[in-house]
Structures are given as C-alpha cells and as structure tokens.
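Chain identifiers are assigned alphabetically (A, B, ...) following the order of the sequence lines, protein sequences preceding nucleic acid strands; residue numbering begins at 1 within each chain. Below, each value reflects all heavy atoms present in this structure, side chains not excepted, and no hydrogens, waters or symmetry copies.
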Amino acid sequence: MSSARARWVLAVTGLLWVGAVAGGMTVLARYAYTAGPLSASPARWPGDSALRPTPGHFLLVMLAHPLCPCTRASLTELQEVMARAGSRVDAHVLFLRPERAAAAWEQGPLWQRAASIPGVTVSKDEGGVEARRFGATTSGHVLLFDAGGQLRFSGGITDSRGHEGNNAGRAAVEALLAREEARAQSPVYGCALEDPRPLLAGGARP
Amino acid sequence: MSTAAVERTPEQRLEERTVRLFTQHQQEVWQRVDRLFAGLMLTQWLFAIALALFVSPYSWEGRARELHLHVYMAVLLGGVLSAFPISLVCLRPGTALTRHVVAISQMLWSALLIHLTGGRIETHFHIFGSLAFLAFYRDWPVLVSASGVVVVDHVLRGMFWPESIYGADTMQGWRFLEHAFWVGTMDLLLIYSCSRGLWEMRQMAARQAAAELASEGEHEKSLALDQALQGLRAAQEQAIRVEKLAAVGQLAASVGHELRNPLAAVRNAHTYLAKRLAKPEQAVGDARVPQLLGLMDRELGNCTRIISDLLDFARERPLMLQPCPLRPLVEEAIGVVPPRESVRVLNQVPEQLPVPMLDREQFRQVLINLVQNAVEAIPAERVGQVVVRAEEGGEGSLSLRVVDDGEGIPANVLPHIFEPLFTTKARGTGLGLAIVASRVQRHGGSLNVLSQSGQGSEFIIQLPGVAARAA
C-alpha cells in the first residue's frame, strides 16, 4: 500500500474511531442522565399508608427496587443524609416485592445495605402498593414529609443513574431537614418499579 | 563540477553520534511504552467487562430484567477504545500519532471506568494514574493531549450536565478551576519529570558517544600498532634470513677449510697407495701401506663428523617429545663417549626424579657433547673426574649439571663458547656447543656455564616444569 493511500486509510479509520467513541460516550451519558418518568405525589401524608409517622419528626420514605444496581448509589446518598440529620428524621426504605415473586426475592445485598444505615427501617412493599400510594415509579424515589405531614420534597438524591457524589436532590433534602428553604423536586434516576406494559395481551414479562 | 570531501571535526562527530544515540534510545523508550499501553488497553477492556458484569449486570423494570447498558458499553465501547491504539502500536510503533492516540484513548478509558463504577471518587484517580503512566513516554505533548481530553470532557459536561461535575444543576466556574488546578499541577510536575528524563538521556548519549569515539580511536591505534608489529616482524625475519645466509657462507668457508686438510691427507695417502699398488709385490712388504690406510680411515671419519655436525646445526627437525628418564639417558651418553684411563666419569643422577618430556635422540647428543667436552677438558698428564648430577627444582623443573675438574675455560673465551664456529680445539668445528645450546632452548630450557681457570667447569641445563612430568 502506498504511503498516501495508507495515510488516507489511517485518517478515515481515525475519524470513524472518534465518531464511534463519541457516539458511545453520548449513549452512555444520555442513559446515565435520563431520569425516570415523573408522577404526582400526595401533598400530605396518606393516611392509608402502613407507615406511621412519629409526631414532631420528619418522615423520609425511599421506594426502591431490591435488584437495581443504580439504587446502590441512592442508598449511599441516604446514608450521607442520615449521618447529618441524625434523630430529626424517621427514615423508611420500602423494597418492592412484586406479586408472584420468588421467596426472599427482595432480600438481597441492597436490603442488607439499607438495613445497616442507622435510623433507617427497612420493609417490603407487597405488590408495589406503597409505591403507587406515594406516586413513585422509579427506584430511589425519596419523599420527605415534615412533622405536620406536609410533603416537602419528592425526587431522587443522585445526580444520575447509579452515580454517587454531591447532587442537588440530596442537598435539598439536607437543607429541608435543617429547616432551610430548598427545592421541592428533583429527577429520579434508577430502574422502573413497575413491570413494563405488555405489548400484547398476556401479562407482564417474567 | 568538482566535489570536495569535508572532514568533520571531532566535536561535530561527537555531536552527530550523541544525536544518533539519543534518537535511538528515545525510539526504544517510545516503542517499549507503546507495548506497555497495548497490554494495559487489553487489560482494561477485560477488567471493564468483568466490572460491568459484577456491578451492574442487569437493569430492571419490576420483575423484568435485561442486560444492563454498561455490559454492552464495556464490550463494544471498551473494545473500540482499545482496538485503534492497539492497532497503531502494532502497525506504527514509536510514532507521535500512536502516542497521542494512546493518550486520548487512555483518558477516555478513565471516563468509561468512572461510568462503570458508578462515579466512585476512587476511580477518578485513574486519570492521575494514567497521566503518570503517560509520562513514561518522556514526551510532554502527549500529556497535553491527554489533559485536553479531560478539559473537553469537563467543558461539555459543564455545559450539558453540570451536576455530573459540580453536584449542582448550575455551572460553577470556580469548581472548574479547582479541577483544572489539580490536573494542571500534575501536568507541570510530569512535564518537569519528562524534561529531566530527556536531559538525563541526552547526557547518557553524550557519555556513550564519547566512550565509543574514544574506543574507536584506541582501536585505530591498535590497528596501526599491529601493522607496525607486522612490519617489524617481517624486517626481523628478513634480517634472520640474511644472517643465516651469512652464517651459511661463513660455515661453508669454515667447513671447506676443515675438510681440505683431511682430504689433502687422504689424497696424499691415496697417491702413495696407488703407486704402490701398481707393483703389488712391493706393496705387500711396505709397512706404510696399512699405516696410510688407517690414516685415510681416520681422516674420512673426521670428514664424516664435520658433515654430521654441519647437518645437525643446519637442520632443525621438529622435536619428537617422549618421556625420557634421565639416569638411563645419561648412562647411555657416558657409554658412547670414548673412555680415558685417567678420567673417571660418574653418573650421580638420582633414580627418583620427575620424567621429562624430551626428544630422546637430540638430548642424548646434548649429553654426549657435554660429557665428551668435559673429558677432553682434563689435561692428558693428570687424572680427573667428570660428574653428571641432576636435581628437582621448583614446580617440577629439573636441573642437570655436568661438572669436571679440568683446566677451566679462560675468562676471555667464556662469552663466546656458544657461538657457532667458535673453537679453541685444533680439530674442532666450533659447532658442538652451539648445537647443544640450540637444542636445550628448543626444549624450553636454558644452558649456563660456570668456570674458574684451573679448577674446572660446570655446565648447567635447566629444564622447565612443562617439559617434565612426575615419574
């Protein structure tokens, strides 16, 4: 192959490589920074919830998928929140347990991880009833109610799918727990809590 | 058109050699680090796949799961990231393009690994580790390319996803400066390290070039010395040839002179006998006939001896070394020498001596000559004694002595006795001791003489250890 031809081949290959890498990185970034769908959350503590708020305390609820890898980062951020908030808040992590799920389906490493956070109570959400009650569709969705049962925050506490680190959602929760003004919403990054809609009649995917 | 060769100065030669060695070393460094990075790229790819499978194998929607995008990206994007730089390392090792592509790819690997590990702060150290690894190239522009990727990544993220960098949903310029400060500081340190490394490589090349040029100079001198030595050797051989021709001429004259007298005596005797044999009846009773026949026999014997000596001196046949115990050899030599009633010859060579490696026939002649000279050195009018002794010296060497109590050798004669054709005897050829000395030397030994006028002489043969072996 002549040197001029070799240079052309090299230049074209290099451009294709740059394009493929840039495309791949963009796909990865879009995936990481695409939040779950938003849905309406109750403005006040739903009275029919199985959870009971402690008078005078904030109540924080996180709805989580027990097998979602992104939720590991949400739990890390929750640990940060609890370390700062201390006894001002009662925190509950509700792990989804779909209908017809296998025994102990929800009790994996994430369950253990959540249970190890001081001040956090872990329980299962049979059939996603509580998730629907709180309007949560994405794993890692956090709701913060003040002592009066008023919703103060609804959203995620990570900056992207599965990424740990400082982020606006966690900062808002921490500020609200410190009785400061902060944003009330934040995008949620994580796996879907509900089964995908079947394309054809016949039920959800297994 | 005329051309003229330009002679380079030693400084120019040193500079050229230094540059060549430096460039060669730099190329070796680049290619070696290229290969290291090719291995690293492959390792990172396999690691990324394993990491994705371990950390985030599936994404979930309720009970439904599918392979996580991270697994696809680890396989596909990781493969693409590694393939191009590895190909360049194989096809164009040591080139600037390969280094820069490796640098860019390595920093993109940092980004991919940060994604795959969920943005763990520890994975961000991969950036600094990669910069340090890239500094192995000792080529600071590579660090600029690598840092450029970090800058572009931060700028794009700051514009489109500021929260991924700053933890807040708005761009914070000072945070960007904080990141830039640490990367810049790292770059400055590594650029200094690269410059220092290059300076040391140049110094090393200069030292090696100086050493090689000095070695070449020594080699040239050595060649010139070899040529001079060859010339000297040729001249020496020529001188020896000339000397030999002169010696042969001198020898021929001497031999001619020596042969003339006995041949003249033989001729006279032959003339007389021829006349007598013309009348056989007169010859029968003539008492001089047997006398002259005896004279002819004796003189022809002298002629034979002269010719033998001459041949011995002229011919140097190769030595045929064999183990020769000394005592029997001395006994044999004493037996050959014509005895004299007034002279006692004693063999005092011990039985238990190392057995030397000798040319038996030549060394027997040496001993015969020395013993015969010793016997003849004792005046006919008195009794005398010749003793042959031997002893072992250091490291297996042997010392053989032939001692007589004759008249001794005058001091003015002593320095010349080993010269060819030098003789004080009335009927000697002057070759005997020259032959003895030559043969001893050819055995690797030495011949010395101690003599005191009126008290006798002692001829000492020293044979080296190499020529002797244990009995």
Side-chain angles (χ1 to χ4, degrees), chain A residues 6 10 13-14 16-33 65-73 76 96-102 105 128 139 158-171 183 186-187 190-197 204-206, chain B residues 52 54-66 68-70 72-74 76-81 83-85 87-88 91-92 95 97 100-101 104-105 108-109 111-112 114-121 123-124 149 152-153 156-157 160-170 175:
Chain A
L10 195 62
T13 310
L16 287 175
W17 179 72
V18 169
V21 169
M25 286 292 178
T26 305
V27 168
L28 204 55
R30 287 180 65 86
Y31 176 78
Y33 299 110
H65 191 294
L67 298 171
C68 172
C70 317
T71 304
R72 194 180 297 116
T76 301
L96 171 71
R97 177 178 168 73
E99 292 169 5
R100 301 190 303 278
W105 184 81
S139 180
T158 60
D159 68 347
S160 61
R161 273 180 177 257
H163 278 221
E164 299 171 2
N166 292 338
N167 62 89
R170 192 187 83 195
R183 63 196 297 174
S186 177
C191 301
L193 290 170
E194 296 173 343
D195 288 359
R197 283 183 195 162
R205 278 190 282 175
Chain B
F54 179 74
V55 174
S56 47
Y58 301 108
S59 59
W60 292 80
E61 289 183 63
R63 282 178 301 156
R65 71 178 189 188
E66 58 185 21
H68 201 284
L69 182 77
H70 283 182
Y72 291 115
M73 284 294 127
L76 299 176
L77 182 57
V80 170
L81 263 184
F84 190 46
S87 304
L88 285 177
L91 298 172
R92 294 178 169 236
T95 60
L97 176 70
H100 287 276
V101 169
I104 291 166
S105 177
L108 290 170
W109 259 113
L112 180 56
I114 288 169
H115 266 294
L116 297 182
T117 56
R120 288 181 69 83
I121 192 71
T123 317
H124 286 74
V149 174
V152 169
D153 178 71
L156 290 178
R157 281 168 182 270
F160 297 108
W161 297 290
E163 201 169 355
S164 68
I165 301 177
Y166 311 116
D169 51 4
T170 53
R175 293 297 301 277

I need the B:His115 NE2 to A:His163 NE2 distance, nearest 0.5 Å.
5.5 Å
Write down the atom of B:Val55, the atom of A:Pro69, and the distance for their closest heavy-atom approach.
O-CB, 3.6 Å
Heavy-atom cut-off 4.5 Å, strictly under: side chain, backbone, both or neither for B:Leu88 against chain A?
side chain
Does any backbone or side-chain atom of A:Leu96 lie under 4.5 Å from a heavy atom of chain B? Answer side chain, backbone, both or neither.
side chain
Chain B contact via A:Arg170 - which portion, at a heavy-atom distance below 4.5 Å
neither
Could you tell me which non-hydrogen atom of B:Met73 sits nearest to which non-hydrogen atom of A:Val27, and how far apart they are?
CE-CG1, 4.0 Å
Heavy-atom distances under 4.5 Å only: say whether B:Ser105 touches chain A with side chain, backbone, both or neither.
both
Sorted by chain and residue number, the side chain to side chain donor-acceptor pair (under 3.5 Å) partners of B:Thr95 (sequence neighbours excluded) come out as B:Thr98
Provide the closest heavy-atom pair for A:His65 versus B:Gly62 in the form atom of the first, atom of the second, distance.
NE2-O, 2.5 Å
Kindly indicate whether the side chain of B:Ser87, heavy atoms from C-beta on, has any atom under 4.5 Å from the side chain of A:Trp17.
no
Heavy-atom proximity to chain B below 4.5 Å, by part of A:Glu164:
both
Where does A:Ala73 contact chain B at under 4.5 Å (heavy atoms): side chain, backbone, both or neither?
neither
Report the residues that fulfil salt bridge (charged side-chain N to carboxylate O under 4.0 Å, His left out) with A:Arg97, sequence neighbours left out, ordered by chain and then residue number.
A:Glu106, A:Glu126
Go through the atoms of B:Leu91 and report whether side chain, backbone, both or neither lie under 4.5 Å from a heavy atom of chain A.
neither
For the residue pair B:Arg65 and A:Leu67, establish whether any side-chain heavy-atom pair is separated by less than 4.5 Å.
no
Please work out whether the ring planes of A:Trp105 and B:Trp60 are parallel, tilted or perpendicular, with thresholds of 30° and 60°.
perpendicular
Which bit of B:Tyr58 comes within less than 4.5 Å of chain A, counting heavy atoms only: side chain, backbone, both or neither?
backbone
Test item: B:Asp153 and A:Met25 side chains (from C-beta on) under 4.5 Å apart, heavy atoms
no
